[in-house]
Amino acid sequence: MKKQFIKIIITIVVCLVYFVIRVGIERISDRNEINTVDTSESPNGQYTLLLQSRGDPFSENAEGRLVLYEGRNRIIDYDFSLDDDSSYISPDIWEVSWMENQVIAVILGNSLPDREITLTMDGDVESVYLVEPYIEEYLFGNQESVPTEESGGAVMPEEPVSEQAAGETITAEEGEVDEAYQLIVDGYRAVYEQLFQDKGYDFREDNDAKGNLRIILFEDEEKVEYLMYDRESKNGKCGLYVYYSVDKNEDGSWAPDQARILDMYAWVYDTGEVISSGKTGWADSGSEAYRNATGE
């Protein structure tokens with residue numbers, strides 16, 4: 001009787017061990033499962049950014065991954081946890097902004113602040129949380145935010161949140177935000193007055209889906225031409241603007257991601273001069289005058 005009891009105990013232990021090992025293997029398998037949820041392509045078609053889920057995309061604290069490719073070559077990948085109530089890895093959780101040397105993915109939060117992840121074409125990555133009063137992000141177009149210290153998964157800055165615009169650190173106070181925004185608008189006006197006004201073009205303010213200011217120069221039934229603020233030059237001496245043209249669809253709608261670059265301009269802060277680059281693609285080197293003015 002005693003031996004039979006011992007056999008039963010051994011059998012139960014073996015079954016429990018088997019069950020624990022199997023559950024562990026299944027969980028590891030689930031965590032390692034990678035699925036591409038959404039993709040974004042750069043305007044010139046050279047780069048692709050993937051939004052992927054790791055494991056169960058519908059679980060709490062869903063885990064995601066961003067992967068940046070140049071053609072078929074992987075440049076860099078970055079893993080993140082969503083850590084947000086009632087959210088999962090889906091195309092609705094991110095917004096992407098492409099620039100010449102980097103791409104910014106904003107992971108949208110519900111209970112937590114939005115998270116901005118910047119991946120460069122050189123393989124670097126930076127992640128910051130966007131906290132109040134960063135709701136005025138659109139005032140700065142595609143500018144990067146100044147990194148804040150991350151602690152415990154959420155960012156609570158000890159000092160007022162700051163942002164970079166016009167080559168300086170701009171704190172998010174009313175007067176300084178207005179000044180930075182006005183600088184961008186002044187650049188739009190300078191490009192328009194020096195290059196388009198005498199040709200009879202319009203100057204109509206408009207906003208894209210993210211609230212970024214753009215200037216509609218021309219619009220008819222077939223196409224739209226517009227100016228878009230890009231960023232500040234590397235040497236901090238110029239604001240950079242892009243001249244786009246995009247064809248309309250049959251229903252009259254149009255999409256910025258289908259736009260063609262007609263030129264890029266540098267507005268020199270000190271002199272007010274607008275310099276044409278002659279660039280029609282992000283990888284173009286541009287004119288000598290443009291390179292000298294921007295340091296790029």
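Both backbone and side-chain heavy atoms feed into the values below; hydrogens, waters and symmetry mates do not.
If you run salt bridge (charged side-chain N to carboxylate O under 4.0 Å, His left out) between K248 and each of E222, E221, E219, only E219 comes through. Under the side-chain contact (heavy atoms from CB on, under 4.5 Å) rule, S127 has a single partner from I117, L119, I107, which is I117. Each of Y226, Y229, Y265 was compared with Y241 under the ring-ring contact (aromatic ring centres under 6.0 Å, His included) criterion, and only Y229 meets it.
We find the CZ-CG distance between F196 and L227 to be 5.0 Å, quoted to the nearest 0.5 Å. Taking CG from L66 and CG from L51, the interatomic distance works out to 6.0 Å, rounded to the nearest 0.5 Å. Interatomic distance, I184 CD1 to D230 CG, rounded to the nearest 0.5 Å: 11.0 Å. A distance of 7.5 Å separates CD1 in I93 from CG in L108, rounded to the nearest 0.5 Å. Separating the CD1 atom in I275 from the CE atom in M264 is a distance of 15.5 Å, to the nearest 0.5 Å. One distance of note links CD1 of I104 with CE of M99; it measures 3.0 Å at 0.5 Å rounding.
Here the side chains of S97 and V103 are not in contact, with every heavy-atom distance at 4.5 Å or above. With a 4.5 Å cut-off on side-chain heavy atoms, L217 and D202 do not count as touching. Contact of the V242 side chain with the W282 side chain is registered, since non-hydrogen atoms from C-beta on lie closer than 4.5 Å. For the pair D247 and Q258, the minimum side-chain heavy-atom distance is 4.5 Å or more. L213 is listed as a side-chain neighbour of N207, based on a closest heavy-atom distance under 4.5 Å. For the pair M228 and R214, the minimum side-chain heavy-atom distance is below 4.5 Å. Under the 4.5 Å side-chain criterion, counting only non-hydrogen atoms from C-beta, I34 is in contact with R65. Side-chain contact between D124 and Q102 is absent, with no heavy atoms from C-beta onward closer than 4.5 Å.
Between the side chain of S233 and the backbone N or O of A293 there is no donor-acceptor pair closer than 3.5 Å. Side-chain atoms of N212 never come within 3.5 Å of backbone atoms of D208 as a donor-acceptor pair (strictly under, hydrogens ignored). R231 places no side-chain N or O within donor-acceptor distance of the main-chain N or O of G239, the cut-off being under 3.5 Å. Listed for the T48 side chain is no donor-acceptor partner under 3.5 Å among the backbone atoms of E41. In this structure, the side chain of Y244 does not engage the main chain of D263 through any donor-acceptor pair within 3.5 Å. Using a distance-only test at 3.5 Å, with no hydrogens or angles considered, a donor-acceptor pair links the side chain of N235 to the main chain of T294. In this structure, the side chain of N292 does not engage the main chain of A289 through any donor-acceptor pair within 3.5 Å.
Taking each heavy atom of L49 and A105 in turn, the nearest pair found is CD2-CB, 4.1 Å. Closest heavy-atom contact between K234 and E296: N-OE2, 2.9 Å. Closest approach of S287 and S276 over heavy atoms only: OG-O, 3.0 Å. Residues L262 and S245 come closest through the heavy atom pair CD1-CB, 3.6 Å. Taking every heavy atom of both residues into account, G123 and I76 meet most closely at O-CD1, 2.8 Å. When all heavy atoms of A255 and V246 are compared, the closest pair comes out as O-CG2, 3.4 Å.
Under a 4.0 Å N-O distance rule, the pair D220/K223 does not qualify as a salt bridge. Of the charged side-chain nitrogens involved, at least one lies within less than 4.0 Å of a carboxylate oxygen, so that E100 and K279 count as a salt-bridged pair.
There is no path of hydrophobic side-chain contacts, each under 4.5 Å, that joins F80 to V67. No chain of hydrophobic side-chain contacts below 4.5 Å, direct or via other Ile, Leu, Val, Met, Phe, Trp or Tyr residues, connects M121 to Y69. One hydrophobic cluster, built from ILVMFWY side chains closer than 4.5 Å, cannot hold both Y78 and L50; they sit in different ones. Tracing side-chain contacts under 4.5 Å through hydrophobic residues (I, L, V, M, F, W, Y), one reaches L195 starting from F218; they form part of the same cluster.
In this model, a donor atom of one side chain and an acceptor atom of the other lie less than 3.5 Å apart for Y269 and E232. When only modelled atom types and interatomic distance are considered, Y243 and E225 share a side-chain donor-acceptor pair under 3.5 Å. Residues S42 and N44 bring a donor and an acceptor atom of their side chains to less than 3.5 Å of each other. Residues S40 and W94 have side chains that never bring a donor and an acceptor to within less than 3.5 angstrom of each other. Of the N and O atoms on the side chains of Q52 and T36, at least one donor lies less than 3.5 Å from an acceptor on the other residue.
In this structure, Y290 has no ring pair (Phe, Tyr, Trp, His ring centres under 6.0 Å) partners at least two apart in sequence or on a different chain.
A cation-pi geometry, defined here as NZ or CZ lying under 6.0 Å from the six-membered ring centre and within 45° of its normal, holds between R189 and F203.
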